[in-house]
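Written below as structure tokens is the structure these notes are about.
Everything numeric here is computed off the predicted structure, so don't read it as measured data.
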Amino acid sequence: MQSAARSLAALFPPRMPRRSSPFHRLFASSPQDPCPDPGPGPGPDADPKLVSTLSRVLSDFRGPRHDLPAALRGFAPRLTPEAAAAVLRRCRHLPVPSLRFFLFAAGLPGFSHLPDSLLILANSLAGARLFPLLRSLLSDLPPTALSRGLFPRLFRAYSRALLPEDAIRAFSSMAGFGFHPTLSDFHSLLFALSHNGLVEHAETFFRESGTHFDVSAKTYTILISGWAVVEKPENAQMLFDEMVERGVEPDVPAYNALIDALCRRGDVARAQEHLKDMQQSRGLVPDAATYGPFLRASCASKDARGALRVLDRMHMHDLTPNVFTYNAIIRLLCELGEIDEAYNILGEVIMRGEKPDVWSYNTLLNAHCKLNEVNKALRLIARMDKGLCVPDRHTYNMLLKMLIGIGRIDKAVEVWDGMEKRGFHPGAATYAVMIHGLSCKKGRLEEACSYFVMMVDEGIPPYQATCQVLRDRLTRHGLRDQLEVLTDRMRRSTSCTIQEMASVMCSSKREDETRTDGMESDPSSQNPTDMTAFVNEMGTKIDELEQSVNDLKAEMGTTEVVPVKKPDEAKPADSA
């Protein structure tokens with residue numbers, strides 16, 4: 001693991017102690033079958049208290065200069081493979097500390113990671129787009145330590161990062177790791193590329209490598225769906241015609257993909273022709289996915305009556321849309337102000353045996369929050385409890401922002417106190433909603449400070465903007481003693497990141513601007529060595545800082561529901 005350790009140490013000093021070839025004894029077993037996505041929560045044999053404590057240590061020592069190995073050393077005798085996997089699972093949003101923890105555990109005498117641990121860590125690194133560290137890690141592992149299920153994850157991660165060549169290279173490297181690519185692996189690669197807008201690369205690779213596999217209707221369906229994603233129905237039609245010419249019999253999913261491609265571009269008439277063709281010429285029976293594109297096309301054109309007509313047609317054939325399709329109707333009705341009709345659709349979802357997801361409820365909640373309908377919003381939360389749908393951070397951020405905005409602080413506190421009972425633990429964004437909102441309310445500055453202290457004690461690093469807002473409010477009201485108390489609380493935090501952020505509370509806005517202007521106006525005055533270290537450090541932190549800013553803007557900005565496309569399906573997103 002030396003090259004991975006060197007790569008990590010170069011980015012995140014201090015240097016970790018190197019040990020001799022720990023990865024040949026890294027895994028307790030070496031399954032060759034695909035592994036399912038690791039689920040949340042500690043394993044059955046993991047000590048929950050130990051997992052919580054180690055997770056807090058990883059959070060506290062997340063910075064590039066924090067000595068995480070020294071903080072972990074005292075836990076080495078109690079660390080088990082099950083506990084390590086649980087910590088990696090819980091800290092999957094902290095990829096670099098997770099990698100450092102993984103390396104630390106691997107270097108312990110007699111320690112062997114569980115196979116799932118590598119999958120969890122690979123997901124974490126790939127999700128953060130830390131591909132150089134991931135490649136270095138995998139290159140040093142013995143082939144027996146890997147599983148076939150790792151490669152589809154790599155395909156998806158590279159495709160989401162818009163790196164098609166790397167995704168294809170990962171597919172080509174499978175044989176070198178002892179896994180001969182199968183048709184299923186081939187389909188996984190094509191799907192990952194196609195559904196992330198890289199269908200041109202997918203089709204090129206299909207042309208070059210298709211002769212090595214038994215091409216089926218599923219292969220063509222994946223590519224046709226990819227052209228639907230980029231809204232090029234003419235290319236989808238060409239592939240469909242090619243499939244027929246090659247003697248590959250089109251099935252219902254193939255027709256569904258073509259219909260979807262046509263409907264996305266608004267060519268509903270041609271889509272209707274293909275619907276008739278699949279029934280009359282091929283004798284195929286449409287399913288719920290066949291009508292979904294027609295319904296979503298009506299929603300895209302803001303034609304609520306047309307969407308409901310398609311829904312009635314599906315009912316006539318005893319077909320039930322999936323929750324994603326229902327959510328499109330609910331969102332449209334809320335946008336048009338027909339909230340009662342949206343609730344009728346929600347009731348129909350439940351009546352037909354489907355379970356509404358958090359997207360369904362958040363869309364309705366967003367409509368209530370826009371209208372400041374407190375009672376209706378709270379009743380919707382209670383309905384989520386009855387439906388066993390756990391609210392997410394968007395749910396709480398929208399609700400808390402509305403309640404504070406209209407002065408219902410009592411209800412906001414009540415909602416806050418009920419979050420833990422529902423299994424939700426607030427992060428920096430949710431704390432920011434409370435702190436920013438309360439600090440702007442007359443007579444509520446002390447309460448804002450109490451939530452800030454709560455966040456610091458929980459080891460959650462606040463956004464820099466949150467520190468600045470609270471600092472400026474306290475300074476404006478002449479509460480410098482209270483500001484000093486908060487600063488001292490940050491300095492005594494177990495989190496190194498929070499300790500470093502204490503300096504933000506000490507400086508005024510004018511000092512911040514002067515410091516920034518001085519650095520920009522006289523860069524030559526900086527020591528070259530210090531400047532290089534500064535640039536390297538900022539390079540490692542840039543993704544985290546951008547994400548923090550984006551989260552804060554989302555939580556403190558608009559409450560409009562924004563559509564978000566996912567690789568396998570597009571869902572109507574909601575923001576606070």
Side-chain angles (χ1 to χ4, degrees), residues 36-37 39-41 195 218 221 225 251-257 259-260 263 271 275 278-279 284-300 303-336 338-368 376-392 394-395 422-424 561 563-574:
D37 287 326
H195 287 259
K218 182 177 180 179
T221 299
S225 298
D251 54 10
V252 173
Y255 271 102
N256 292 349
I259 289 172
D260 184 33
C263 287
L275 175 60
M278 68 178 290
Q279 293 174 290
L284 299 174
V285 179
D287 58 14
T290 309
Y291 292 98
F294 294 106
L295 195 151
R296 292 191 291 272
S298 297
C299 292
D303 183 8
R305 303 281 79 82
L308 294 177
R309 284 196 298 270
V310 176
L311 191 59
D312 290 339
R313 187 176 178 183
M314 296 179 69
H315 293 164
M316 291 174 56
H317 294 87
D318 197 25
L319 298 174
T320 301
N322 58 23
V323 173
F324 159 59
T325 304
Y326 271 123
N327 286 348
I329 306 176
I330 292 173
R331 179 172 180 265
L332 173 61
L333 293 172
C334 288
E335 287 179 352
L336 299 177
E338 301 183 25
I339 301 179
D340 291 339
E341 187 65 33
Y343 268 100
N344 292 336
I345 296 297
L346 183 68
E348 179 180 317
V349 176
I350 299 173
M351 182 187 67
R352 290 187 166 268
E354 297 288 335
K355 183 180 179 181
D357 59 11
V358 69
W359 303 79
S360 312
Y361 290 105
N362 281 352
T363 304
L364 288 162
L365 181 64
N366 178 69
H368 292 316
K376 292 183 179 180
L378 294 176
R379 282 198 296 268
L380 185 63
I381 298 297
R383 186 167 180 172
M384 294 179 72
D385 291 337
K386 293 180 181 179
L388 301 179
C389 182
V390 180
D392 63 5
H394 298 295
T395 310
R422 295 185 175 95
F424 177 82
V561 179
V564 174
K565 291 185 177 180
K566 291 190 174 183
D568 53 342
E569 61 182 22
K571 290 187 177 182
D574 40 72

Working to the nearest 0.5 Å, report the span between [atom1] of [X] and [atom2] of [Y].
X: Arg331; Y: Leu364; atom1: CZ; atom2: CG; value: 12.5 Å
X: Asn344; Y: Leu333; atom1: CG; atom2: CG; value: 9.0 Å
X: Glu341; Y: Ile329; atom1: CD; atom2: CD1; value: 9.5 Å
X: Asp251; Y: Thr221; atom1: CG; atom2: OG1; value: 5.0 Å
X: Leu332; Y: Asn327; atom1: CG; atom2: CG; value: 12.5 Å
X: Leu380; Y: Tyr343; atom1: CG; atom2: OH; value: 4.0 Å

Contact between [X] and [Y] at the side-chain level, heavy atoms closer than 4.5 Å - yes or no?
X: Pro356; Y: Ile350; value: yes
X: Arg309; Y: Asp303; value: yes
X: His394; Y: Asn366; value: no
X: Ile381; Y: Tyr361; value: no
X: Ile339; Y: Lys376; value: no
X: Pro391; Y: Phe424; value: no
X: Arg379; Y: His368; value: no
X: Arg296; Y: Asp260; value: yes

What closest approach, in Å, do [X] and [Y] show between heavy atoms, and which atom pair accounts for it?
X: Val390; Y: Val358; value: O-CG2, 3.9 Å
X: Ala288; Y: Met314; value: O-CE, 3.7 Å
X: Phe294; Y: Leu275; value: CE1-CD2, 4.1 Å
X: Gly306; Y: Ser298; value: C-OG, 3.7 Å
X: Val323; Y: Ser360; value: CG1-OG, 3.9 Å
X: His195; Y: Ser225; value: NE2-CB, 3.6 Å

Problem set entry | Heavy atoms from other residues, nucleotides or ligands near CE of Met316 exceed 12 (cutoff 6.0 Å) | no
Problem set entry | Over 12 non-hydrogen atoms of neighbours within 6.0 angstrom of CG in Asp318 | no
Problem set entry | Check against side chain to side chain contact (heavy atoms under 4.5 Å, CB included), Thr325 and Leu311 | CA-CA 10 Å; Thr325 304; Leu311 191 59; over 6 Å; no
